[in-house]
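Note on naming: letters A, B, ... go to the chains in the order of the sequence lines (proteins, then strands), and numbering restarts at 1 for each one. Nothing here was measured: the structure is a model prediction, and the numbers come from that model.
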Number of protein chains: 2
Amino acid sequence: MTSGARRGPYICGIDAAMDVVSGKWKSLILWELNNYGTRRFGELRRGLPGVSEKMLIQHLREMEEDGLIHREVYREVPPRVEYSLTEHGASLNEALRPLGEWGQRRSERLAAEGVATPA
Amino acid sequence: MTSGARRGPYICGIDAAMDVVSGKWKSLILWELNNYGTRRFGELRRGLPGVSEKMLIQHLREMEEDGLIHREVYREVPPRVEYSLTEHGASLNEALRPLGEWGQRRSERLAAEGVATPA
DNA sequence: TTCAATACTTACCTTCAGGTAAGTGAGGAC
DNA sequence: GTCCTCACTTACCTGAAGGTAAGTATTGAA
C-alpha cells in the first residue's frame with residue numbers, strides 16, 4: 001500500500017469513512033471528479049492549486065485501491081489518463097454533502113465574526 | 001492555539017468541516033459525548049481505548065475553542081470536570097451521520113470480502 | 001506522614017504525511 | 001538531434017501530529 005497500514009480495524013463507521021477520506025486532497029479530488037465527471041491528471045493538478053504531483057498520484061492510487069475512482073489509460077503519445085468516480089465514490093460524495101454544508105455554514109459564521117476571512 | 005494554524009482560508013465546506021474534525025480522536029469524542037450527554041475527563045479517557053491524556057486534553061481544548069463542546073468545572077477535591085456537546089457540536093454530529101453510515105457499509109463490505117476483519 | 005484520586009501540564013522523542021526537485025519514456029514537431 | 005508534452009517515479013527532507021513518562025495541586029483518608 002502506498003501509505004501506512006489502512007483498512008485497519010475500525011472503531012466505528014466514521015472511523016472507516018475517515019480512513020478513506022483523510023489525506024489533504026482527497027475530498028477535493030472527489031469534489032472535482034463529481035463536478036466534471038471525468039478529469040485528466042493534468043486537469044486535476046491545475047484544479048487543485050498547491051497540490052504536488054507526488055501527492056496527487058499517491059492519493060489517486062489509494063482512492064483507486066479503495067474503489068472510489070476509476071482510472072482509464074489511453075495509450076497515446078503524449079499519454080492520456082482519465083479519472084472518474086465509481087459508484088462507491090459517488091455515494092461517498094453524497095454522504096459527505098451534509099458535512100460540506102455544515103462546514104459552509106461554519107465558514108460563513110466565522111466570516112461574519114471577522115475571523116480569518118479567506119484572502 | 002494548541003495545534004498549528006487552523007480556521008485557515010478554506011477551499012470549500014468539506015475543508016472547513018475537516019479542519020474541525022481532523023485529529024485522531026475528535027470524531028470519537030463527538031460520538032462519546034453524543035451517546036452519554038455528559039462525560040468526565042476520566043470517563044472519556046476510559047471510553048477511548050488508547051488515547052493519551054495529552055492528546056485527549058489537546059483535542060478537548062481545540063473543540064472547546066471551536067465551539068463544539070462545553071467544559072464545566074466543579075471546584076471540588078479531587079477535581080471534577082464535565083464535558084458536553086454544544087448546539088454546534090450536536091449539529092456537526094448530525095452532519096457526520098451519513099458519513100458514518102457510509103463507513104459502516106464499507107466496513108461490512110470489507111468484512112464480507114474477508115479483508116482485515118477487526119480483531 | 002504518606003497515599004490515593006482527579007485533571008491536567010511539561011519535556012522529550014518518534015513517526016509519517018506531505019513537500020521539493022530532479023529524472024524517465026515515448027513519439028511528434030522543428 | 002534536440003525539444004516539447006504528459007503522466008508519472010524516485011530520493012531526500014521538513015514539520016507537525018501524536019506517543020511516553022514524569023511532575024503538579026488539593027485535600028481527605030489511613
D:dA7, C:dC8, C:dA7: which one has an atom nearest the side-chain heavy atoms of A:Val81? D:dA7

Per the end-axis method with five pairs at each terminus, what is the bend angle of the helix from C:dT1-D:dA30 to C:dC30-D:dG1, to 10°? 30°

Mapping A:Val77 and A:Lys24 onto DNA chain C by nearest heavy atom, which one lands closer to the 5' end? A:Lys24

Rounded to the nearest Å, what distance is computed from the CD1 atom of residue B:Ile57 to the P atom of nucleotide D:dG18? 15 Å

Please determine whether the number of non-hydrogen atoms from other residues, nucleotides or ligands lying under 6.0 Å from atom CD of A:Glu87 exceeds 12. no

Exam field: side chain B:Ser84 to backbone B:Gly37, donor-acceptor pair closer than 3.5 Å: no

Could you tell me how far apart B:Arg61 (CZ) and C:dC8 (C1') are, to the nearest whole angstrom? 7 Å

For A:Arg75, answer base if it contacts any base atom (sugar-phosphate contacts may also be present), sugar-phosphate if it contacts only those atoms, and nothing otherwise; contact means non-hydrogen atoms under 4.0 Å. nothing

State whether A:Tyr83 and A:Arg39 meet the cation-pi test: NZ (Lys) or CZ (Arg) under 6.0 Å from the six-membered ring centroid, and within 45° of the perpendicular axis. no

Verify the neighbour count for atom CH2 of B:Trp25: are there more than 12 heavy atoms of other residues, nucleotides or ligands below 6.0 Å? yes

Using whole Å, what does the distance between atom C1' of nucleotide C:dC8 and atom CZ of B:Arg80 come to? 17 Å

Residues within residues 33-56 of chain A bordering DNA chain D, heavy-atom distance below 4.0 Å: A:Arg40, A:Phe41, A:Gly42, A:Glu53, A:Lys54

How many whole angstroms separate atom CD of B:Gln58 from atom P of C:dC8? 14 Å

If the threshold is 4.0 Å, N to carboxylate O, is there a salt bridge linking B:Arg106 and B:Glu108? no

For the pair B:Asn34 (side chain) and B:Leu30 (backbone), establish whether a donor and an acceptor sit closer than 3.5 Å, ignoring hydrogens and angles. no

With a 4.0 Å cut-off on heavy atoms, is B:Tyr74 in touch with a base, just the backbone sugar-phosphate, or nothing at all? nothing

Just how far, in rounded Å, is C1' of C:dG18 from CD of A:Glu62? 12 Å

For B:His59 and D:dA17, is the shortest distance between a side-chain N/O and OP1 or OP2 below 4.0 Å? no

Indicate yes or no for a side-chain donor-acceptor contact from A:Asn93 to the backbone of A:Gly89 under 3.5 Å, with no hydrogens or angles considered. no

Could you tabulate the donor-acceptor pairs under 3.5 Å formed by side-chain atoms of residues 45-54 of chain B, not counting sequence neighbours?
from, atom 1, to, atom 2, distance (Å)
B:Arg45, NE, B:Glu53, OE2, 3.3
B:Ser52, OG, B:Met55, N, 3.3

Rounded to the nearest angstrom, tell me the gap between atom CD in A:Glu76 and atom C1' in D:dA7. 12 Å

B:Glu72 vs B:His70 side-chain heavy atoms within contact, under 4.5 Å: yes

